[in-house]
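Scroll down for the structure; my scribbles are underneath it.
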Number of protein chains: 2
Amino acid sequence: MTAGATQARGTARAGAARAGAARAGGGRRRASHSLEAVIGEAVALLDEAGEPALTFRALAARLGGGVASIYWYVANKDELLDRATDHVLAGVLVDTEGFTGSPDPIDDLRAIAVSLFGTIVERPWLAAYFMRDTATQPNGLLLYERMGQQVLRLGLTPRQSFHAVSAVLGFVIGIAADLGQQPPQEVLDGKVTRDDFLARYAAEWRALDPAAYPFLHVVVDEFADHDDADQFRAGLDLLLAGLRLQAQNPD
Amino acid sequence: MTAGATQARGTARAGAARAGAARAGGGRRRASHSLEAVIGEAVALLDEAGEPALTFRALAARLGGGVASIYWYVANKDELLDRATDHVLAGVLVDTEGFTGSPDPIDDLRAIAVSLFGTIVERPWLAAYFMRDTATQPNGLLLYERMGQQVLRLGLTPRQSFHAVSAVLGFVIGIAADLGQQPPQEVLDGKVTRDDFLARYAAEWRALDPAAYPFLHVVVDEFADHDDADQFRAGLDLLLAGLRLQAQNPD
DNA sequence: CTATGTTATCGAACGTCGTTCGAGAATCGA
DNA sequence: TCGATTCTCGAACGACGTTCGATAACATAG
């Protein structure tokens with residue numbers, strides 16, 4: 001370690017991922033990890049118990065090894081989260097592979113956005129760490145590019161295209177982050193249903209002065225039994241309608 | 001403290017905020033705080049050095065007191081951040097007070113959204129903690145209501161109105177969170193300008209294969225000298241154009 | 001002025017977290 | 001067989017959020 005490049009961390013030379021605990025024959029001495037196992041377990045931990053559950057100690061316990069071992073694969077927690085994000089995004093890329101050839105580019109754009117939304121909304125931790133470099137992680141850049149290619153087909157100016165993709169991507173992240181934010185009891189404990197949870201808020205809204213909060217009283221019934229996916233799709237359609245309008249009437 | 005209600009924390013009975021260090025005459029013995037001072041210094045700390053700078057110890061040092069004193073005003077760090085968020089939102093409410101009487105409701109909605117965006121984008125910490133109950137904190141609810149009242153004037157159905165306001169609010173938060181995310185050097189050290197920062201990313205984009213990343217190569221010039229506010233306004237106009245279309249052509 | 005109860009401050013400690021360090025086990029190439 | 005590399009891990013460090021109990025400052029009643 002004198003002057004060479006930085007340590008080639010985590011590049012398991014043997015190729016295949018090794019996630020086993022120890023040798024088959026001898027008594028188990030040391031655990032054996034792999035970058036894939038580390039990231040995979042990190043994602044599982046985040047999915048199961050949320051962001052604060054991902055600690056190096058919990059992850060090490062899950063891997064059956066020591067805490068410091070993880071630092072051979074990732075430099076710090078930021079990189080761990082970056083790689084976890086990228087790992088999930090890879091799944092979105094696979095899911096949206098076919099959404100590129102419709103006659104209507106906006107249909108493709110919508111399909112990609114809906115798929116991305118579905119992935120984020122069931123992973124509240126992802127929203128917060130997604131925007132910490134939308135297009136720095138390789139798969140994030142690929143997703144950005146894939147959405148952009150649909151917009152290119154609309155024949156807008158480069159500036160309009162740039163704004164359009166940023167708008168759609170920001171919208172997806174913003175709504176998903178907002179919606180994937182609810183329950184301390186419901187999902188984790190399962191004692192309170194989602195309807196009860198919404199009903200409790202709706203009751204608070206109804207208790208407010210109708211003269212001071214006319215809008216809340218108009219929409220409280222909609223709020224009480226709204227569906228997250230419907231809400232997202234309705235907003236996305238507004239945005240895409242504006243985009244289609246721009247494509248039809250160039251300034 | 002036998003059976004009464006919970007302790008009435010932080011309600012400084014004397015009314016006026018006391019932020020002084022100690023008595024005027026005698027040697028200083030103890031610091032004297034107030035809820036306003038605690039929240040104000042917390043916001044200042046967040047604004048100056050970002051989210052990780054807000055620690056109870058740093059805040060206590062800034063207030064010239066002990067760490068445990070802060071716990072008399074807030075129950076935990078979550079409440080501290082909730083109150084800090086609400087404190088900033090109060091400023092937005094003041095700024096948008098006049099944006100309610102235009103002939104075109106969409107103009108009002110746009111003005112409120114732009115004002116909120118401006119506030120969030122210069123406070124990256126706010127985006128992450130804003131969505132942790134968009135409408136639970138009192139001022140957040142008021143802002144939601146104010147935007148909703150403009151939408152009401154469009155004469156949409158309750159469901160459409162509900163979706164429209166959620167879409168605009170989510171869009172603002174999503175874009176602001178995405179954009180307020182950049183520099184470890186620029187703002188903090190001041191060594192690298194924003195243009196240099198963008199140019200570095202642009203160079204990376206240009207180094208990619210044009211056949212695999214056609215969209216990135218089309219928009220890289222726009223990206224290299226884009227303005228955050230312009231980008232936001234362009235996306236918002238797309239969304240509002242879609243909303244206007246819906247108001248004109250009811251389904 | 002003294003006594004008493006409430007309001008508010010704070011030093012010290014606890015447990016957990018991310019991170020570092022160095023020893024040493026496992027593996028590979030020659 | 002042996003040296004170099006790759007990888008694991010126990011132990012420690014400092015910083016963090018939070019709690020507890022002692023006690024100072026203040027308001028009021030007698």
Side-chain angles (χ1 to χ4, degrees), chain A residues 1-2 4-38 42 45 51-61 63-81, chain B residues 1-2 4-38 42 45 49 51-81:
Chain A
M1 207 55 50
T2 56
T6 59
Q7 204 179 16
R9 278 182 316 232
T11 51
R13 178 154 51 178
R18 302 163 304 150
R23 280 284 74 68
R28 71 181 55 185
R29 292 289 185 76
R30 291 185 156 211
S32 178
H33 313 306
S34 74
L35 182 58
E36 292 85 57
V38 170
L45 215 40
E51 193 190 340
L54 180 63
T55 62
F56 277 76
R57 282 168 239 266
L59 182 54
L63 290 164
V67 195
S69 305
I70 304 171
Y71 281 89
W72 195 85
Y73 295 96
V74 294
N76 49 43
K77 194 170 187 182
D78 277 351
E79 189 184 322
L80 179 62
L81 280 161
Chain B
M1 210 57 45
T2 56
T6 59
Q7 204 179 14
R9 276 182 317 230
T11 51
R13 178 155 51 178
R18 301 163 303 149
R23 281 282 75 65
R28 70 181 55 185
R29 291 293 183 75
R30 289 184 157 214
S32 177
H33 312 307
S34 75
L35 182 58
E36 294 86 52
V38 169
L45 215 40
E51 192 189 341
L54 180 63
T55 62
F56 276 77
R57 282 169 238 266
L59 182 54
R62 227 184 145 98
L63 290 165
V67 195
S69 305
I70 303 171
Y71 281 89
W72 196 85
Y73 295 96
V74 293
N76 49 42
K77 194 170 186 181
D78 276 351
E79 189 184 322
L80 179 62
L81 280 161

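For the numbers below, each heavy atom of this structure counts, side chains included, while hydrogens, waters and symmetry mates do not. Every chain is numbered from 1 and lettered A, B, ... according to where its sequence line falls, protein lines coming before strand lines.
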Item to complete: Give the rounded distance in Å between these two atoms: CD of B:E79 and P of D:dT18.
Response: 11 Å
Worksheet item: Between A:A58 and A:A53, which heavy-atom pair has the shortest distance, and what is it?
Response: CB-O, 3.8 Å
Worksheet item: Of the non-hydrogen atoms in B:L80 and B:L59, which two are nearest, and what is the gap between them?
Response: CD2-CD2, 3.9 Å
Practice prompt. Please round to the nearest 0.5 Å and tell me the distance separating atom CG of B:L54 and atom CZ of B:R62.
Written response: 10.0 Å
Practice prompt. Quick one: label B:T55 by what it contacts on the DNA or RNA (base, sugar-phosphate, nothing), any heavy atom closer than 4.0 Å.
Written response: sugar-phosphate
Worksheet item: Whole Å only: how far is the NE2 atom of B:H33 from the C1' atom of D:dC26?
Response: 16 Å
Response to the item:
Assert: residue with more 5' nearest nucleotide on DNA chain C, out of A:A68 and A:P52, is A:P52
Discussion item. Under 4.0 Å, heavy atoms only, any strand: does A:I70 hit a base, just the sugar-phosphate, or nothing?
Written reply: nothing
Worksheet item: What is the distance, rounded to the nearest whole Å, between atom CD of B:E51 and atom P of D:dC16?
Response: 14 Å
Discussion item. OP1 or OP2 of D:dC7 versus the side-chain N and O atoms of A:Y73: is any pair under 4.0 Å?
Written reply: no
Worksheet item: Taking atom C1' of C:dC10 as reference, at what distance in whole Å does atom CG of B:L59 sit?
Response: 14 Å
Worksheet item: What does A:L80 touch in the nucleic acid at a heavy-atom separation under 4.0 angstrom: a base, only the sugar-phosphate, or nothing?
Response: nothing
Worksheet item: When the distance from CG of B:D78 to C1' of D:dC16 is rounded to whole Å, what number comes out?
Response: 14 Å
Worksheet item: Among C:dC17, D:dC9, D:dG17, which is the nearest nucleotide to the side chain of B:Y71?
Response: D:dG17
Discussion item. Closest approach to the side chain of B:W72, judged atom by atom: which nucleotide of C:dT9, D:dT18, D:dC9 is it?
Written reply: C:dT9
Discussion item. Which is more 5' along DNA chain D, the nucleotide nearest A:R57 or the one nearest A:S69? Just name the residue.
Written reply: A:S69
Discussion item. Which label fits A:Y71 and A:F56: parallel for a plane angle under 30°, tilted from 30 to 60°, or perpendicular past 60°?
Written reply: parallel
Discussion item. On DNA chain D, compare the nucleotides closest to A:G64 and B:F56; which residue's is nearer the 5' end?
Written reply: A:G64
Worksheet entry | Listed nucleotide nearest any side-chain atom of B:A31, set C:dT9, C:dG18, D:dT18 | C:dT9
Worksheet item: How many angstroms lie between atom CD of B:E79 and atom CD1 of B:I70, to the nearest 0.5 angstrom?
Response: 12.5 Å
Practice prompt. Can you tell me the distance, in whole Å, between the CG atom of A:L45 and the C1' atom of C:dG18?
Written response: 15 Å
Worksheet, complete the sentence: From CG of A:N76 across to P of C:dT20 the rounded distance in Å is 8 Å
Worksheet item: Atom CD of B:E36 and atom P of C:dA8: how far apart are they, to the nearest Å?
Response: 12 Å
